[in-house]
Amino acid sequence: MSGIVIVGGGQAAASLAAKARALGYDGDVTILGEEPVAPYQRPPLSKAYLLGEMPLERLTLRGDDWYAANRVTLRVGTKVTGIDRAAKAVLIGKERLSYDHLALCTGAVPRHLPAEMGAEGLSGIYTLRDLADTQAMADEFVPGRNLVVVGGGYIGLEAAAVACKRGLTAKLVHTRARILRRVAGVETANAIREMHRAHGVEILEDIGITRVLGEGRVSGVELADGRILPADFIVVGIGVDPRTDLAAAAGLLIDEGIAVDEFGRTSDPSIWAAGDCAALPGPEGRMRIESVGNAIDMGELVAENMLGAGKAYQPKPWFWSDQFASKLQIAGLCTGHDRVVTRTAEGQSFWYFREGRLIAVDALDAPRAYMIGKRLIEAGKAVTPEQVETASDLKALMA
């Protein structure tokens with residue numbers, strides 16, 4: 001048995017397998033997923049699924065019938081223990097599984113609070129990355145309880161929003177000067193902060209946690225200024241690290257993640273990587289894009305290139321987040337912007353420019369602005385800040 005072997009059971013893996021079959025690949029396709037379930041959507045874990053508004057079956061990306069009909073072998077609960085590059089085989093314990101092409105779609109793992117803070121061994125402290133994480137904390141969301149969220153990224157903010165909607169008291173602690181510092185502009189962060197505070201979330205920025213309190217189970221946190229925040233449980237959302245252990249042990253190049261070229265190929269010509277674990281070449285060094293859109297696009301591109309397309313990856317980043325009843329949609333990356341245009345018609349949208357070129361749009365309850373901005377960015381269409389600022393109808397910008 002050879003063909004395409006995919007290590008990892010997430011969005012990138014599912015997209016790669018589907019694209020290979022759609023392109024007419026007739027060899028064996030095998031997905032080896034470590035989790036005990038078929039590939040599923042991760043974004044709803046901290047949103048609709050955690051709220052109980054989405055059943056488990058709706059999380060699943062494809063049903064069992066699809067895998068059977070498309071001759072994709074899905075092995076869940078399967079841990080790959082090594083890669084024999086010389087023999088072109090992956091190791092699953094004592095079992096060896098040969099491949100012609102190997103794709104590493106191993107994703108990322110959440111960071112934990114440092115052991116020196118006193119968190120080690122305490123129950124009631126959670127990260128939120130996979131289905132098991134969400135199921136483990138679900139019973140904690142009881143009205144009247146106190147939640148402390150550590151980290152001001154999307155995951156932490158979404159957990160705080162869910163807590164408030166469930167009738168809990170939520171406090172969010174962020175060590176940086178502002179929330180969403182790494183993933184959104186100041187204007188978007190300000191709007192999200194205002195929204196959370198209006199719903200009763202206490203957001204504490206530019207302050208760290210020095211100690212986690214509790215005996216056996218967490219009871220609170222001590223801040224750097226000596227304040228104590230009571231906590232019935234804690235959700236930690238302080239970022240993720242790419243899963244590179246398997247690739248590193250196999251001697252592949254690791255640089256900010258599993259290093260790949262513009263085609264998605266690693267330092268071994270028979271091994272590819274896609275999704276959160278893959279570090280792409282960028283204008284300022286290697287970069288990873290942690291998003292569903294990137295997992296889909298890169299997984300599909302790797303499938304094409306496995307079959308000889310020779311297509312360079314041109315990332316078109318897009319993101320989304322549910323915050324209370326609002327939806328934040330982002331197209332592009334605002335890093336390095338030098339001008340911002342704010343529009344308040346039909347929701348709020350923030351248009352980021354660098355040297356006169358539109359590079360990103362953050363849209364809060366403004367789906368029309370998001371779609372038009374996304375199309376403009378992807379098409380590379382020239383549009384000036386003044387045109388965006390004065391346009392009575394954004395659709396005219398597409399002309």
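Just so you know, these numbers come straight off a predicted model, no measurement behind them.
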task: Compare every heavy atom of V383 with every heavy atom of F353, then report the nearest pair and how far apart it is.
output: CE2-O, 3.3 Å
Side-chain heavy-atom pair H337, F350 within 4.5 angstrom cut-off: no
task: Look at R243 together with D276 and state whether they make a salt bridge at an N to O cut-off of under 4.0 Å.
output: no
field: Side chain R166, main chain F141, donor-acceptor under 3.5 Å
entry: yes
- prompt: Crowded around E194 CD? As in, over 12 foreign heavy atoms under 6.0 Å?
  reply: no
message: For a quick test of reading the model, state the closest non-hydrogen atom pair linking G63 to Y67 and the distance between them.
response: O-CD1, 3.3 Å
Validation row: R265, W272 side chains within 4.5 angstrom (heavy atoms): yes
R343 atom CZ, neighbour heavy-atom count above 12 within 6.0 Å: yes
query: Does any N or O in the side chain of N305 come within less than 3.5 Å of the main-chain N or O of V302, such that one atom is a donor and the other an acceptor?
result: no
field: Considering all heavy atoms, the nearest L50-L45 contact
entry: CB-O, 3.2 Å
message: Under the criterion salt bridge (Lys or Arg N to Asp or Glu O under 4.0 Å), I'd like the reasoning laid out for K165 against D322: C-alpha separation, chi angles, the key distance, then a yes or no.
response: CA-CA 12 Å; K165 291 176 79 170; D322 287 339; over 6 Å; no
query: Do other residues, nucleotides or ligands put more than 12 heavy atoms under 6.0 Å from R178 CZ?
result: yes
query: Do you know which two heavy atoms are closest between S267 and L253, and how far apart they sit?
result: OG-N, 3.0 Å
message: Between the side chains of R288 and D241, is the shortest nitrogen-to-carboxylate-oxygen separation below 4.0 Å, so that they form an ion pair?
response: no
message: Closer than 4.0 angstrom, basic N to acidic O: yes or no for D393 and K395?
response: no
statement: In I330, I377, V341, the residue satisfying side chain to side chain contact (heavy atoms under 4.5 Å, CB included) with V361 is I377
task: May I ask you to decide whether R96 forms a salt bridge with D84, counting only side-chain N to carboxylate O separations under 4.0 Å?
output: yes
query: Do side-chain atoms of R197 reach the backbone of I203 as a donor and acceptor pair under 3.5 angstrom?
result: yes
task: For T244 and A247, indicate whether the former's side chain and the latter's backbone hold a donor-acceptor pair under 3.5 Å.
output: no
task: Would you indicate whether D64, at its atom CG, is surrounded by more than 12 heavy atoms from other residues, nucleotides or ligands within a distance under 6.0 Å?
output: no
message: Would you say that more than 12 heavy atoms from the other residues, nucleotides or ligands in this model lie under 6.0 Å from the CD of E53, or not?
response: yes
message: Under a 3.5 Å distance rule, please check whether R21 uses its side chain to pair with a backbone N or O of N70 as donor and acceptor.
response: yes
query: Do E140 and R145 sit within salt-bridge range, that is, some charged N less than 4.0 Å from a carboxylate O?
result: yes
query: If we ignore angles and hydrogens, is there a donor and acceptor under 3.5 Å between the side chains of Q11 and S15?
result: yes
- prompt: Are R42 and Y40 linked by a side-chain donor-acceptor pair shorter than 3.5 Å?
  reply: yes
query: Between the side chains of E187 and Y352, is a donor N or O closer than 3.5 angstrom to an acceptor N or O?
result: yes
query: So does E215 have more than 12 non-hydrogen atoms from other groups sitting under 6.0 Å from CD?
result: no
- request: Count the heavy atoms belonging to other residues, nucleotides or ligands that lie under 6.0 Å from CD of E57, then report whether that count exceeds 12.
  value: yes
